[in-house]
Q: 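One structure follows; several queries about it will come next.
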Amino acid sequence: MTARYDFKTIEERHQADWTKEGLFAAGEDSSRPGYYVLEMFPYPSGRIHMGHVRNYTIGDVVARYKRMQGYNVLHPMGWDAFGMPAENAAIKHRIHPSIWTHENIDYMRKQLRRLGLSYDWEREFATCDPEYYRWEQLFFIQMFEAGLVYRRKSKVNWCEGCQTVLANEQVEDGRCWRCDTEVVEKELDGWFFKITDYTQELLEGCDKLTGWPEKVLTMQRNWIGRSVGAEIIFPLAGKDGEIRVFTTRPDTLLGATFMSLSPEHPMVLELCMGTGQEEEVKTFIDHWSKIPARERQITKSPNHQIIQSPNHQITKSPNHQITKSPNHQITKSPNHQITKSQKGVFTGAYVKHPLTGESIPIYIADFVLMEYGTGAVMAVPAHDQRDFEFAKEYKLPIKVVIQPEGKDLKPDTMKEAWEGPGTLVNSGSFDDMKNERAKEAITGHLEAQGLGNQKISYRLRDWGISRQRYWGTPIPMVHCDTCGIVPVRKQDLPVILPLDAQLDEQGQSPLSGLESFWSTTCPKCGGPARRESDTMDTFVESSWYFARYTCPDETSAPLDRNRVDKWLPVNQYIGGIEHAILHLLYARFFTKVLRDLGWLSADEPFANLLTQGMVLKDGAKMSKSKGNVVDPDKMIHTFGVDTIRLFILFASPPERDLEWSDQGVEGAHRFLHRIWRLITENLEGLTSASTDKEILVQGTKATKALRQKTHQTILKVTEDIEQRFHFNTAISAVMELINEAMAYLNRYGTPKIDQQGDWAVLREAMEAVLILLFPMVPHITDELWQLLGHQKTISLEPWPVADLDVARADTVNIVVQVNGKLRSQVDVTQNTDKEIIESMALDDPKIKRYTEGKGVHKIIYVPGRLINIVMKH
RNA sequence: GCCGAAGUGGCGGAAUUGGUAGACGCGCUAGAUUCAGGAUCUAGUGGACAGUAUAUCCGUGGGAGUUCGAAUCUCCCCUUCGGCACCA
């Protein structure tokens, strides 16, 4: 009699048992070493999607695996609960963001519990809880006091129709997503975190993050964007003043034939004044300022052609349209065209070249960024492609100062700029110098003359955290007419986000219209004052939540130093690759700030990072608009949690994208059924097997082979999980072991009940299968484990260690190649001498066909792998 | 545009250090079982060639190169995806 694989009952029962036994609570005074595994917490959008399931399944495997290895595992879960979708829902469905958010959290928590994830739910929190954000407000004030917070103007997307700020994602083709009004740029006062104070440490820290993927570190390094160059002073011609430029190519200084300023450069208007170019400049800047900043960054024409169109037209296909082709394949429309090019205007003013004294015209160029360097560029058309195109367009002179080896560049015949290395020409005393040396020589010369100096520039900008929105952490500042801007007194925290705000499609930030909120008294002078109505970027909450998990019950302080220092840095952080730059950089920055404020000791938040790929269906990311969403609830109902987990882990390695396949899910389900039957149909024999170690050792050739496979599988699975989290290959190794066990039973028949040795070997194999698969499919393996007669949950089993003597093969297969092509193979015992293998290979009749009558040039032998006979000519 | 990835059978993927390309699974084909379907089991499954042999040739997005040997290293090109600072 065998039991049916009733996954629903099994999964519910074991989940209840685990909870009852409190297996997932991370104790504080444990003698076991700690291990902190964390998945990026979700935004409570309503329902979990497959991306969540994948993320949390991967984390759960790591958590369970580490527990089996004897670690005291901290594996928490919570909610990144502030954000725009709640406000959008409020406007659309007339439901308060708070209610909407909490309903979503309740629903999603149930979903996560149903997934059997091994969280310590005692530590759960939501960031919209005042008990969380009050500490963020404290950090803000402390950062303000430490000079890490400041206020300045910055540009935002503005919709005149809605009278509101728009996020980038609310701008569709340059228009407001709600009312279709053209989006303009507007200067707005806002709060900034001085992340640039930590630039150097953030950059250098990348070298120490050996547990992070190299590609993420590269992206972070590039984002910070360190470049060594020079700041050079160009005096104005004909009047007092100067313009400073930053360049990474001081070696090309003598090739500068004009200067380009950013349209935002503060000197622009002053320069063109009285030159007759005033009108033209104003028209240009007026035109330019209407293009939102985010579109300016993608303004290079594809084929380096200058398109002189007066209207800055941007054509963009409606966001990545998916079209269904007749054969039901989803294809992305290829026409994602942006046609626009750099443009500029002459200011009418000139600077003097610092070395030659020549007059150089000053232009305004739309590709020059105010945020980087000094907002002014010395243009060297011969050696910078953008300058080259600009010079061609406006008929400006081109002067070659770097001559590459073996070429003779001439301004008239050049088709593009030469940006590579070479020797200096036309550069006076610097001629004949290699350009790399000339960089130092020219910078040194300028420094001596007081005309410039070496400078390191970074691309990283300060972090603007002001949001003119309701559903976020209120910024704890007060505006007083007498005292200016004053922080809220720490004892008055938290500044509670009022729940009676009105949200509608029109208007300013809801808080600025809510007098009961903004009307206050100045903490300093006691006079009437106005509260800051901006809230913080939700990235702030996610920049320290991992620290709060270590002490979520702490009521007197944001963090309990002892507990934070015990757990941080997170041993293993897991989340989507889309967070490779912003979230991870902000979290690193915040950790360093909290360290310097004395709240914790860690320098970095995450010791090891695993970036998982996306879940795709029909080659595209799952989304409602594309209609290719697979609902986790339905899948779990039909197949059970273990099947879904198995499929997700098996279908691809975690760092790669995962293509959803309903048939693949069925395959995973089938595999679990196979294990179920294999064990339940042989339960009598398996449970009767002797547990005596001795009996395993004496065995027939066949049982020896199965034992060998068992121990090889233990080795392989441990390696795959430990070294690279490749659960897909770990699972396929277990599949091979199952296949071998099935083949064993087919070949020799089910052992008689008194064949103790055979049963013992089979039992060893099956128990290995269950333990190895447990972190991935915990419910079915726990059930089968107990069916095999074990009283306690498999969760408490230690991770197995392979017996290397058993795993080692007696013979090894050596490939024989002739001229690198596989021609034969020989089986030899381990450690056979090279000479013996060589003569075996040369005597092989299949090899003789190729070697007969020709001379052997040389023989290459790779021990234990192959032998390659290289023939003459 | 800039930065970062990826591209291997009909499909997902494997090949961990330059050393047997296609493990494992899906799908498909044939057979067994079954009233039938499903499920299960057995065998086969990159392509060409099916002159029969555990043959030969071709084959890891395209093109060149390094090497005894390249999916893996170098250079160029193509395609797809992620990020680009107010989505989280």
Side-chain angles (χ1 to χ4, degrees), chain A residues 40 42-43 45 80 82-85 154 156-157 165-171 190 213 215-216 218-219 221-223 225 293-294 297-302 332 334 338 340 367 371 459-469 537-539 542 576-583 585-586 611 613-614 616 619-621 647 650-653 655-668 670-671 673-674 677 719-720 723-724 726 728-729 731-736 739 742 746 813-822 825 846 849 857-860 862 865-871:
Chain A
M40 292 178 184
Y43 177 78
S45 54
D80 189 12
F82 276 136
M84 261 199 336
S154 69
V156 292
N157 300 312
V165 176
L166 296 177
N168 284 343
E169 69 155 21
Q170 295 173 318
V171 182
K215 62 171 173 176
V216 174
T218 307
M219 281 192 261
R221 287 191 187 104
N222 289 336
W223 188 254
R294 60 194 198 89
Q297 286 176 6
I298 40 172
T299 55
K300 211 162 180 187
S301 63
K332 260 202 171 160
I338 295 151
K340 213 186 142 263
F367 62 86
E371 292 84 8
R459 212 182 70 98
L460 184 68
R461 309 202 295 257
D462 277 334
W463 175 12
I465 58 142
S466 272
R467 298 291 181 271
Q468 294 68 41
R469 290 181 218 294
D537 179 3
T538 56
F539 267 124
S542 55
I577 181 69
E578 66 273 17
H579 297 289
I581 295 172
L582 292 182
H583 162 60
L585 192 67
Y586 293 150
T611 49
M614 292 182 310
L616 310 177
K621 189 176 177 174
F647 166 72
F650 181 61
S652 78
E655 68 275 9
R656 293 244 299 233
D657 287 348
L658 184 152
E659 176 69 33
W660 190 265
S661 154
D662 289 339
Q663 286 175 328
V665 176
E666 283 172 37
R670 228 159 22 221
F671 173 67
H673 258 284
R674 253 161 94 87
R677 284 199 318 272
E719 221 174 82
D720 281 345
Q723 291 176 9
R724 40 178 210 162
H726 276 206
N728 56 332
T729 49
I731 292 164
S732 62
V734 177
M735 285 173 169
E736 285 185 48
N739 289 348
M742 297 274 251
N746 274 325
N813 179 258
I814 303 281
V815 165
V816 185
Q817 297 183 334
V818 178
N819 291 333
K821 285 201 159 124
L822 168 71
Q825 328 194 358
K846 276 181 275 180
R849 276 217 301 252
H857 175 60
K858 63 172 168 177
I859 294 176
I860 287 154
V862 183
R865 282 231 132 121
L866 63 72
I867 182 162
N868 185 13
I869 302 162
V870 185
M871 306 305 294

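First the proteins, then the strands, lettered A, B, ... as listed; each starts at 1. The figures that follow rest on heavy atoms only: side chains count, while hydrogens, waters and symmetry mates do not.
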Q: Between CG of A:D720 and NE2 of A:H726, what distance do you get to the nearest 0.5 Å?
A: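 Between A:D720 CG and A:H726 NE2, I get 8.0 Å after rounding to 0.5 Å.
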
Q: Under a 3.5 Å cutoff, is there a donor and acceptor pairing between the side chains of A:D80 and A:S542?
A: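 Short answer, no.
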
Q: Please work out whether the ring planes of A:Y586 and A:W463 are parallel, tilted or perpendicular, with thresholds of 30° and 60°.
A: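 Ring orientation, 0 to 90° scale: parallel.
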
Q: Run A:M219 and A:I577 through side chain to side chain contact (heavy atoms under 4.5 Å, CB included) and show every step you take.
A: CA-CA 11 Å; A:M219 281 192 261; A:I577 181 69; 4.1 Å; yes

Q: With heavy atoms under 4.0 Å as the rule, sort A:S466 into base, sugar-phosphate or nothing.
A: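 It contacts base atoms.
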
Q: What's A:H579 touching, base or sugar-phosphate or nothing? Going by heavy atoms closer than 4.0 Å.
A: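 It contacts base atoms.
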
Q: Say you pick atom C1' in B:rA88 and the same atom in B:rA23; how far apart are they, in whole Å?
A: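 B:rA88 and B:rA23 have their C1' atoms separated by 39 Å.
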
Q: Where do A:V815 and A:I867 land on the side chain to side chain contact (heavy atoms under 4.5 Å, CB included) test, with the steps shown first?
A: CA-CA 6 Å; A:V815 165; A:I867 182 162; over 6 Å; no

Q: For B:rA71 versus B:rU60, give the span between their P atoms, rounded off to a whole number of Å.
A: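 Looking at atom P only, B:rA71 and B:rU60 are 7 Å apart.
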
Q: Measuring only the P atom in each nucleotide, how far is B:rG22 from B:rU16? A whole number of Å is fine.
A: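 Looking at atom P only, B:rG22 and B:rU16 are 13 Å apart.
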
Q: For atom C1', what is the distance between B:rG13 and B:rG27, given to the nearest Å?
A: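 Pairwise C1' distance, B:rG13 against B:rG27, rounds to 14 Å.
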
Q: With rounding to the nearest 0.5 angstrom, report the CZ to CD1 distance, A:F671 to A:I731.
A: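 CD1 of A:I731 is found 8.0 Å from CZ of A:F671.
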
Q: Taking atom C1' in both B:rC77 and B:rG19, compute the distance separating them and give it to the nearest angstrom.
A: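 It works out to 29 Å between them.
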
Q: Would you kindly give the NE2-to-C1' distance between A:H857 and B:rU67, to the nearest whole Å?
A: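 Those two atoms, NE2 and C1', are 12 Å apart.
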
Q: Nearest-Å distance, CE (A:M614) to C1' (B:rG83)?
A: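 Roughly 11 Å, once rounded to whole Å.
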
Q: Can you tell me how far P of B:rA85 sits from CG of A:L460, to the nearest Å?
A: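 About 13 Å, once rounded to whole Å.
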
Q: Dot-bracket for RNA chain B, please, read 5' to 3', with Watson-Crick or G-U wobble pairs under 3.5 Å on both distances, ( ) within the strand, [ ] crossing, | other strand, . unpaired.
A: (((((((..(((......[....)))((((((.......))))))(((.......)))..(((((..]....))))))))))))....

Q: What's the base orientation of B:rG37: syn (chi within 90° of 0) or anti?
A: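 In terms of base orientation relative to the sugar, B:rG37 is anti.
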
Q: Given B:rC81, B:rC68, B:rC86, which nucleotide is nearest the side-chain atoms of A:K858?
A: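 Within the option list, the nearest is B:rC68.
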
Q: From the options B:rC3, B:rC24, B:rG83, select the nucleotide whose nearest atom is closest to the side chain of A:E578.
A: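 Closest of the options to the side chain of A:E578: B:rG83.
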
Q: Report the residue (A:I577 or A:S154) whose heavy-atom-nearest nucleotide on RNA chain B is the more 5′ of the two.
A: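 Nearer the 5' end of the strand: A:I577.
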
Q: Are more than 12 heavy atoms from other residues, nucleotides or ligands located less than 6.0 Å from atom CZ of A:R221?
A: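 Correct, the count exceeds 12.
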
Q: For A:L582 and B:rG4, give me the distance from atom CG to atom C1', rounded to whole Å.
A: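 One finds 14 Å between C1' of B:rG4 and CG of A:L582, rounded.
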
Q: Rounding to a whole Å, what distance do you find between A:K846:NZ and B:rU54:C1'?
A: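 My rounded result for the distance is 7 Å.
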
Q: Please state how far atom CG in A:D537 lies from atom P in B:rC87, giving the value in whole angstrom units.
A: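 So the two atoms are 8 Å apart, to the nearest Å.
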
Q: Find the distance between CE (A:M871) and CD1 (A:I859) and round it off to the nearest 0.5 Å.
A: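 So the CE of A:M871 and the CD1 of A:I859 are separated by 9.0 Å.
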
Q: Show your working on side chain to side chain contact (heavy atoms under 4.5 Å, CB included) between A:R670 and A:R674 and close with a plain yes or no.
A: CA-CA 6 Å; A:R670 228 159 22 221; A:R674 253 161 94 87; 5.8 Å; no

Q: With heavy atoms under 4.0 Å as the rule, sort A:F539 into base, sugar-phosphate or nothing.
A: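 Counting heavy atoms under 4.0 Å across all strands, the contact made by A:F539 includes a base.
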
Q: Sticking with atom P, work out how far B:rG82 lies from B:rA48, rounded to a whole angstrom.
A: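 The answer is 36 Å between these two P atoms.
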
Q: Quick one: CD on A:E578 to NE2 on A:H583, what's the gap to the nearest 0.5 Å?
A: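 Spacing of CD (A:E578) from NE2 (A:H583) equals 10.5 Å.
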
Q: Any base atoms under 4.0 Å from A:G464, or only sugar-phosphate, or nothing? Heavy atoms, all strands.
A: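 Answer is sugar-phosphate: A:G464 comes under 4.0 Å of backbone atoms only.
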
Q: Could you measure the distance from the CZ atom of A:F650 to the OG1 atom of A:T729? Nearest 0.5 Å is fine.
A: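 With rounding to 0.5 Å, CZ (A:F650) is 9.5 Å from OG1 (A:T729).
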
Q: In whole angstrom, give the distance that lies between atom CD1 of A:I581 and atom C1' of B:rC87.
A: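 The distance from CD1 of A:I581 to C1' of B:rC87 comes to 15 Å, rounded to the nearest Å.
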
Q: Using the P atom in both, what is the distance from B:rU8 to B:rG62, to the nearest Å?
A: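 One P to the other, the span is 10 Å.
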
Q: Using the C1' atoms only, state how far B:rG65 lies from B:rU17, rounded to an integer number of Å.
A: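 These two C1' atoms come out 23 Å apart once rounded.
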
Q: Would the distance check show the side chain of A:R459 and the main-chain N or O of A:W223 forming a donor-acceptor pair, the cut-off being under 3.5 Å?
A: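 Pair found, side chain donor or acceptor close to backbone of A:W223.
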
Q: Treat primed atoms plus P, OP1 and OP2 as sugar-phosphate and everything else as base, then score nucleotides 12-22 of chain B 5' to 3': B for base contact with protein heavy atoms under 4.0 Å, S for sugar-phosphate contact only, - for none.
A: BSSSB--BB--

Q: How many angstroms lie between atom CE of A:M614 and atom CD of A:E659, to the nearest 0.5 angstrom?
A: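 It is 10.5 Å, given to the nearest 0.5 Å.
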
Q: Please say which of A:N868, A:L822, A:L866, A:I869 ends up in a side chain to side chain contact (heavy atoms under 4.5 Å, CB included) with A:V816.
A: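 Passing option: A:I869.
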
Q: Shorter than 3.5 Å, N or O on both sides, protein versus nucleotides 40-44 of chain B: list them out with atom names.
A:
| residue | atom | partner | partner atom | Å |
| --- | --- | --- | --- | --- |
| B:rU40 | O3' | A:R677 | NH2 | 3.2 |
| B:rC41 | OP1 | A:R674 | NH1 | 2.9 |
| B:rU42 | OP1 | A:N746 | ND2 | 2.9 |

Q: Does B:rA85 have its OP1 or OP2 closer than 4.0 Å to a side-chain nitrogen or oxygen of A:R461?
A: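 Looking at the OP1 and OP2 atoms of B:rA85, neither is under 4.0 Å from any side-chain N or O of A:R461.
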
Q: Look at the side-chain N and O atoms of A:N168 and state whether any lies under 4.0 Å from the OP1 or OP2 oxygen of B:rA85.
A: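 Yes, within the criterion.
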
Q: Would you kindly give the CD-to-P distance between A:E736 and B:rC24, to the nearest whole Å?
A: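 Distance check: A:E736 CD to B:rC24 P gives 5 Å.
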
